[in-house]
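Since the model is a prediction, treat every value here as computed from it, not as a measurement.
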Number of protein chains: 2
Amino acid sequence: MENPHLEEAHEALRVRRSREETVLLVGECSVKYEGRASSTLEPGDRVLLIKQDGSLQVHRPFDLSPVNWQPPGSILRLRIQDRSLIIRAYNPRGRESLEIVFSKIALLAVLDLRDSGSFFLHASEEEMRSAILLQPSILEEGFKPLAVERPIEPGFIDILGLDGRGTLTVVEVKRREAGKEAVLQLKRYVDSLRMETGKEIRGIIAAPGLARGAQRMLAALGLEFKVISPQRCEEIIRRDKERRMTEFLT
Amino acid sequence: MENPHLEEAHEALRVRRSREETVLLVGECSVKYEGRASSTLEPGDRVLLIKQDGSLQVHRPFDLSPVNWQPPGSILRLRIQDRSLIIRAYNPRGRESLEIVFSKIALLAVLDLRDSGSFFLHASEEEMRSAILLQPSILEEGFKPLAVERPIEPGFIDILGLDGRGTLTVVEVKRREAGKEAVLQLKRYVDSLRMETGKEIRGIIAAPGLARGAQRMLAALGLEFKVISPQRCEEIIRRDKERRMTEFLT
DNA sequence: ATTTACATTTCGGGG
DNA sequence: CCCCGAAGTGTAAAT
């Protein structure tokens, strides 16, 4: 519907089988949010996207992220008042509410979208961990993994293993350049494990890079760093998959 | 345009004055992303939103966040191939690329959106800090702030002050329930400042809540917690604004 | 340009 | 359901 009357839009939205269709609404609106925080947005042209799962988002014509939104599972209330279409979205759990007041509507589309396609993401931190387990030599020749996600106070050690000399080694994996936070995280684990075992412990950050300030801190704390790129890990995973596929077929 | 031919859609997008209009494109598509990570998305019905600032996002009919996106400043390339409309978005800086292949188009809208309305967000962590400075008693009777965002190795102390007895006190402010990470952050600051000054230091987390596990850790480390809600801070700020407005007018 | 920390972060996994 | 941490995090402010 192009330039529908407010009443037409109201009716079309009301009829929408609850939560089963996706709605696009473009027009002039103002927005008020009240919940964990609160916000107000003065009138302007925006795009409102309401999804099948009850999530909704208000987009300005700039910025990647929505200016206001409500997570999946929200409940909608519609009404016409003062020549405006008012949409209220409640989030039952978090007692949050969003009120969008449309004074003009340029476009309304109610869409039945079918989307069951799978989404695959590669080069994640989890893939990096898997690649190191599959081919420990990319971290260091002679490294032998013992455990992944080993619980320690406080948190979890990404990879715990033994180096070529048999020294217990804590590996902290990051998919992007590691900063001071990562260094301190690693230090906590090393200290905690040293306390626990009473033995010498090595600590290594495995990441595609290490921030300048973090380098000094790392050195000062007697920890180490090894360049590991997510892309290379992804390739190791892919080659392993292919290898296993070939073995399966032959 | 409803159910436009691929060629019509291609032409309409080509003509769009570069980056000056917002585009909504709904239809069946698949997506490939290559950059910091990589991803593939199998065919399905989605909403593509291209904004005036060159940002774009692909939305599935569920989930709040887009399944694929490109930040503001991206460059678009369009072509028709194999009965599909192919949209490539390059990010010149991060050498990232997104390729969206539309096989069917249900809706195409090219929109000239005018949006200069101001956006105001309240109850942020910054407002919480301001409220404590304005009315230190909400933290503790007799508390006197000395500095905000005081640099320390490593990081910044949210609020540094003196308690009623004159003891140096580090305050770590969180706008939502604080977890272990916040406790450890506070402990680093307290330890660092104790080392720096050689004096006794108190450490207080000011937040609307404290996670279960973090409570034990807090107690074990000799730190403290004070309930401070962002909403209450917002009210203090608002009342102060009103007061100053009144003073200004009288 | 780089670093730093917040965010109505969102999202997913594990206990 | 709570808790915890990753994310193609994005974003803005400070250095």
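Rounding to whole angstrom units, CZ of residue B:Arg175 and P of C:dA5 are separated by 19 Å. As rounded to whole Å, 17 Å separates atom C1' of D:dA14 from atom CZ of B:Arg150. If you measure from atom CG of B:Leu121 to atom P of C:dA7, you get 8 Å, rounded to the nearest angstrom. Between A:Arg212 atom CZ and C:dA1 atom P the separation is 16 Å, expressed in whole Å. The nearest whole Å value for the distance from the CZ atom in B:Phe120 to the P atom in C:dA7 is 18 Å. When the C1' atom of C:dT4 is taken as reference, atom CD of A:Glu181 falls 10 Å away, rounded to whole Å. Atom P of nucleotide C:dC6 and atom CZ of B:Phe156 are separated by 11 Å, given to the nearest angstrom. Nucleotide D:dC4 holds its P atom 16 Å from the CD1 atom of A:Ile152, rounded to whole Å.
Using a cutoff of 4.0 Å between basic side-chain nitrogens and carboxylate oxygens, A:Glu224 and A:Arg202 are scored as salt-bridged. The residues A:Arg188 and B:Glu181 are annotated as salt-bridged, a charged nitrogen and a carboxylate oxygen being separated by less than 4.0 angstrom. Ion pairing between a basic and an acidic side chain is recognised when a charged N comes within 4.0 Å of a carboxylate O; A:Asp45 and B:Arg114 show no such pairing. Ion pairing between A:Glu172 and A:Lys174 holds under the 4.0 Å rule for side-chain N and carboxylate O.
Among the heavy atoms of the strands, none lies under 4.0 Å from A:Pro71. Using a 4.0 Å heavy-atom cutoff across all strands shown, A:Gly179 reaches no nucleic acid atom at all. A:Gly213 comes within contact range of no nucleotide atom at all, as no heavy-atom separation falls under 4.0 Å.
The 5' end of DNA chain C is approached more closely, in terms of each residue's nearest nucleotide, by A:Gln70 than by the other of A:Gln70 and B:Leu64. Heavy-atom distances to DNA chain D give each of B:Ala214 and A:His122 a nearest nucleotide, and the one nearer the 5′ end belongs to B:Ala214. Where A:Val67 and B:Asp63 each meet DNA chain C at their nearest nucleotide, the meeting point lying more 5' is that of A:Val67.
Although no hydrogens or angles enter the test, the distance criterion places a donor-acceptor pair under 3.5 Å between the side chain of B:Lys51 and the main chain of A:Asp63.
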A:Lys241 vs A:Glu127, salt bridge (Lys or Arg N to Asp or Glu O under 4.0 Å): CA-CA, chis, key distance, verdict: CA-CA 12 Å; A:Lys241 269 209 184 107; A:Glu127 278 202 353; 5.5 Å; no

Evaluate the criterion side-chain contact (heavy atoms from CB on, under 4.5 Å) for residue pair B:Leu160 and B:Val170; output intermediate values, then yes/no. CA-CA 5 Å; B:Leu160 180 64; B:Val170 175; 4.0 Å; yes

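Between A:Ser65 and D:dT11 there is a side-chain N or O to OP1 or OP2 distance below 4.0 Å. Distances shorter than 4.0 Å separate some side-chain N or O of A:Arg36 from OP1 or OP2 on C:dT10. OP1 or OP2 of C:dT9 has at least one side-chain nitrogen or oxygen of B:Arg176 nearer than 4.0 Å. Proximity of B:Trp69 to the phosphate of D:dG10: a side-chain N or O atom is located under 4.0 Å from OP1 or OP2. A close approach under 4.0 Å does occur between a side-chain nitrogen or oxygen of B:Lys174 and OP1 or OP2 of C:dC6.
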DNA chain C in dot-bracket form (Watson-Crick or G-U pairs under 3.5 Å, [ ] crossing, | inter-strand) is |||||||.|||||||

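In the set D:dA6, D:dG10, C:dC11, C:dC11 carries the atom at the smallest distance from any side-chain atom of A:Pro72. In the set C:dT8, C:dT4, D:dT11, the nucleotide with an atom closest to the side chain of A:Glu96 is C:dT8. Closest contact between the side chain of A:Lys180 and the listed nucleotides C:dT4, C:dA5, C:dT8 involves C:dT4. Nearest to the side-chain atoms of A:Glu125 among the listed nucleotides C:dT4, D:dA6, D:dG8 stands D:dA6. The listed nucleotides are C:dT8, D:dC3, D:dG8; the one nearest the side chain of A:Ala37 is C:dT8. For B:Glu172, the listed nucleotide lying nearest its side chain is C:dC6; candidates were D:dC3, D:dA7, C:dC6. Of the listed nucleotides (D:dC3, D:dA6, C:dA7), C:dA7 has the atom at the smallest distance from the side chain of B:Ser124.
With P as the reference atom, C:dT8 and C:dT4 are 23 Å apart, rounded to whole Å. D:dG8 sits 25 Å from C:dG14 when the C1' atoms are compared, rounded to a whole Å.
Residue A:Tyr33 and nucleotide C:dT8 are classified as a stacked aromatic pair, their ring centres being separated by less than 5.5 Å at an interplanar angle below 30°.
Between A:Leu85 and the options A:Val101, A:Leu13, A:Ile100, a side chain to side chain contact (heavy atoms under 4.5 Å, CB included) holds for only A:Leu13.
B:Asn91 and B:Ser97 share no side-chain donor-acceptor pair at under 3.5 Å. Of the N and O atoms on the side chains of A:Ser55 and A:Gln70, not one donor lies less than 3.5 Å from an acceptor on the other residue.
The shortest side-chain heavy-atom distance between B:Met217 and B:Leu184 falls under the 4.5 Å cut-off.
Applying a 4.0 Å cut-off to non-hydrogen atoms, none of the residues of residues 223-235 of chain B approaches DNA chain D.
The number of heavy-atom neighbours closer than 6.0 Å to CD of B:Glu126, taken from other residues, nucleotides and ligands shown, is 12 or below.
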